[in-house]
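Heads up, the thing below is written out as structure tokens.
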Amino acid sequence: MSSATSVSASAMAATSSAAAAAAPPCRLLGSGQAHLRLPPPAASGRRRLLLRCSASGGNNGKGGGGDGSDPILEERRRRRQAELAARIASGEFTAQGPAWIAPLAAGLAKLGRPGELAAALLTKVAGGGGPEIPQAVGSMSAVTGQAFFIPLYDLFLAYGGIFRLNFGPKSFLIVSDPAIAKHILRDNSKAYSKGILAEILEFVMGTGLIPADGEIWRVRRRAIVPAMHQKYVTAMISLFGEASDRLCQKLDKAASDGEDVEMESLFSRLTLDVIGKAVFNYDFDSLSYDNGIVEAVYVTLREAEMRSTSPIPTWEIPIWKDISPRQKKVNEALALINKTLDELIDICKRLVEEEDLQFHEEYMNEQDPSILHFLLASGDDVSSKQLRDDLMTMLIAGHETSAAVLTWTFYLLSKYPNVMAKLQDEADTVLGDRLPTIEDVKKLKYTTRVINESLRLYPQPPVLIRRSIEEDTLGGYPIGRGEDIFISVWNLHRCPKHWDDADVFNPERWPLDGPNPNETNQNFSYLPFGGGPRKCVGDMFATFETVVATAMLVRRFDFQMAPGAPPVEMTTGATIHTTEGLKMTVTRRTKPPVIPNLEMKVISDSPENMSSTTSMPVSAASIASGEDQQGQAYLGDSRYNTLTD
Ligand code: HEM
């Protein structure tokens, strides 16, 4: 078990202080040995329905792929699940108090120590009132020992699409219902901020697009999204191909030398190299070297993860934060990254001044197609600090996510050889030995479905975080301001009510000629890139990137779990990591003859066959024009301006 994924007494103690109101989500759900007790759920119709779902075969949140192929993991998972189920059934998790208690207690707790005591007293004495939002209170031992989003699944099956999770005076709403998710993310998004997420990411992303709220977010989103226009994404295909080819060369050597490879770290390097070039035209070349800047990026990323899972916010302790060797290292890393970004911004400014290109909607400098170049050429009136925040945000957002998608895709492929064989057939037919073009990518339909399905089983990130900044009604329950909310994408993507064989990796569930699955056509049961105005700006980029890498790798190699590889279990940072890496044996494939498949059709460009912003050129065009396929605009349009005004 990773200490990063359980909740500790100190974490809960931390949550009860004003400082900890700013604590990161995983830290709060976080790590340790404390005991969470959740109340018997209100006997609502919804809960009974979901309990039936559970009996129909719900998940499990097992480590690894959910295929039951590792008997040790399976046994461990079964034991945990049985223990949690027994505790839920015993009523240990069910609070009797009315739902207004927890928000009131949370408010009191923010008033300092006396408020905390009053909150604890209130929580203790309140009981027996008419149950409203199903509540879970108490100790956390039942949910320790695994990534924090996993036990939330069983609680969801027991308590329903919205329930409250209380730790002492701190409480969270856990949302796993598509209609409620849609309401928060899209229909009433103006009533929600990024809350805890913004607080924890501030040190590294500042007011970049992910943590930013309100006017800053609106202005920055309007500036950045147009940079990812169709021509840009098309140009990126070559970049994806070249970077993937460098990884192939590395694997080729490993195959010759008979060495096993740790694919998770290689995918991380692949996507770092890609995003550096794509965002600010910097070649980290991390697949070849470990230079200072690469190390600085990883120090910063690990720090962000540590802060989101640590029970004690040591980085906030006066004096200690200045003398701690760890914080010193982080500060040095950040200083180096900032210096490098400042230099890149300066170089790019000079290039823009010298160039003779007219700026237009699909402006792109062929030598430097980066987002930074587009922003500067567009005359984006922004401070260097804000520009750095934006670049850093995209570096992180577009790096770990894509790496995690590739890691779990290859893990799944190692467990499902029939899928791997179909994938290889498609790559042989479409690609041969060429680097992919945009036309090829459109033909890699099965590969796209494999990525769609991998993202269903392993959403990155597994939870979305919001805080209510206005009163609202969720699932029929009134909620106040200041509620911290976790939308469990993991639960949505594995809900047995919505998915047949929810835990099975089955790319065939998405017909090849059907629309590309997205939150709109799946009615918010499928949210791989979020939804509403805060939807991922890099969805199409990331889909193409992972499709190209997957197709090129399986075209050249067979992948198997290495003999004696550690079991693949999950732990969380911002995305789902493995606990001990993904150690694989790669073998060169003997090339089968390429038989052209005349049946192979290009994915249609017709709007009804497209995702809202994922995947294909129509989508790119619509992003450039600020619209999705439903004609809803995502930036710079009156609808979302109104929402954020
Ligand atoms: C497979 C890879 C990726 C996945 C699964 C992914 C997923 C997501 C999700 C779920 C969100 C919504 C977060 C929320 O609502 O709280 C998001 C937002 C975002 N993503 Fe991605 N992302 C990926 C790749 C990328 C790439 C490559 C970039 C940049 C090039 C990027 C940039 C962003 C940004 C800037 C936001 C914030 C948008 C806003 O708040 O307006 N992402 N991403």
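Remember, it's 1-based here, ligands and their atoms both numbered in the order they're listed.
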Exercise. Could you check if a side-chain atom of Thr234 sits within less than 4.5 angstrom of a side-chain atom of Phe544, using non-hydrogen atoms only?
Key: no
How close does the nearest protein non-hydrogen atom get to [atom], and which residue and atom is it?
{"atom": "atom 34 (C) of ligand 1", "value": "Val537 CG2, 3.8 Å"}
{"atom": "atom 21 (Fe) of ligand 1", "value": "Cys536 SG, 2.3 Å"}
{"atom": "atom 24 (C) of ligand 1", "value": "Thr401 OG1, 3.5 Å"}

Item to complete: Describe, in one word, how the ring planes of Phe359 and Tyr363 are oriented to each other, choosing from parallel (under 30°), tilted (30 to 60°) and perpendicular (over 60°).
Response: tilted
- Determine the interplanar angle of the Phe280 and Tyr282 rings, folded into 0 to 90°, and report it as parallel if under 30°, tilted if 30 to 60°, perpendicular if over 60°. tilted
Hey, which atoms in ligand 1 end up nearer than 4.0 Å to a heavy atom of [X]?
{"X": "Trp217", "result": "39 (C), 40 (O), 41 (O)"}
{"X": "Met228", "result": "30 (C)"}
{"X": "Pro528", "result": "5 (C), 7 (C), 10 (C)"}
{"X": "Gly530", "result": "10 (C)"}
{"X": "Ile275", "result": "30 (C)"}
{"X": "Lys194", "result": "14 (C), 16 (O), 40 (O)"}
{"X": "Ala397", "result": "24 (C), 25 (C), 31 (C), 32 (C), 33 (C), 42 (N)"}
{"X": "Leu464", "result": "10 (C), 13 (C), 14 (C), 16 (O)"}

Indicate yes or no for a side-chain donor-acceptor contact from [X] to the backbone of [Y] under 3.5 Å, with no hydrogens or angles considered.
{"X": "Glu262", "Y": "Glu264", "result": "yes"}
{"X": "Asp273", "Y": "Asp285", "result": "yes"}
{"X": "Ser454", "Y": "Val450", "result": "no"}

- Item | Ring centers of Trp510, Tyr526 separated by less than 6.0 Å | yes
Can you figure out which of [options] has its heavy atom closest to [atom]?
{"atom": "atom 36 (C) of ligand 1", "options": "Val405, Ile210, Val274", "answer": "Ile210"}
{"atom": "atom 38 (C) of ligand 1", "options": "Arg221, Gln460, Glu519", "answer": "Arg221"}
{"atom": "atom 4 (C) of ligand 1", "options": "Phe544, Tyr458, Phe541, Phe529", "answer": "Phe529"}
{"atom": "atom 16 (O) of ligand 1", "options": "Met236, Arg534, Arg466", "answer": "Arg466"}

Let me see the working for Arg449 and Asn516 under side-chain hydrogen bond (donor to acceptor under 3.5 Å, both in side chains), right down to the final yes or no. CA-CA 8 Å; Arg449 295 295 175 255; Asn516 212 48; 2.7 Å; yes
Note: Pro459, heavy atoms under 4.0 Å from ligand 1, region reported as neither
Any heavy atom of Leu185 under 4.0 Å from ligand 1? The part involved is neither
For Leu582 and Thr407 the tightest heavy-atom approach is CD2-O, 3.4 Å
- prompt: Quick one: does NZ or CZ of Arg494 land under 6.0 Å from the six-membered ring centre of Trp499, within 45 degrees of the ring axis?
  reply: no
Against ligand 1, does His399 come closer than 4.0 Å with any heavy atom? no
In short, salt bridge (charged side-chain N to carboxylate O under 4.0 Å, His left out) pairs touching residues 400-411 with sequence neighbours left out are Arg302-Glu400
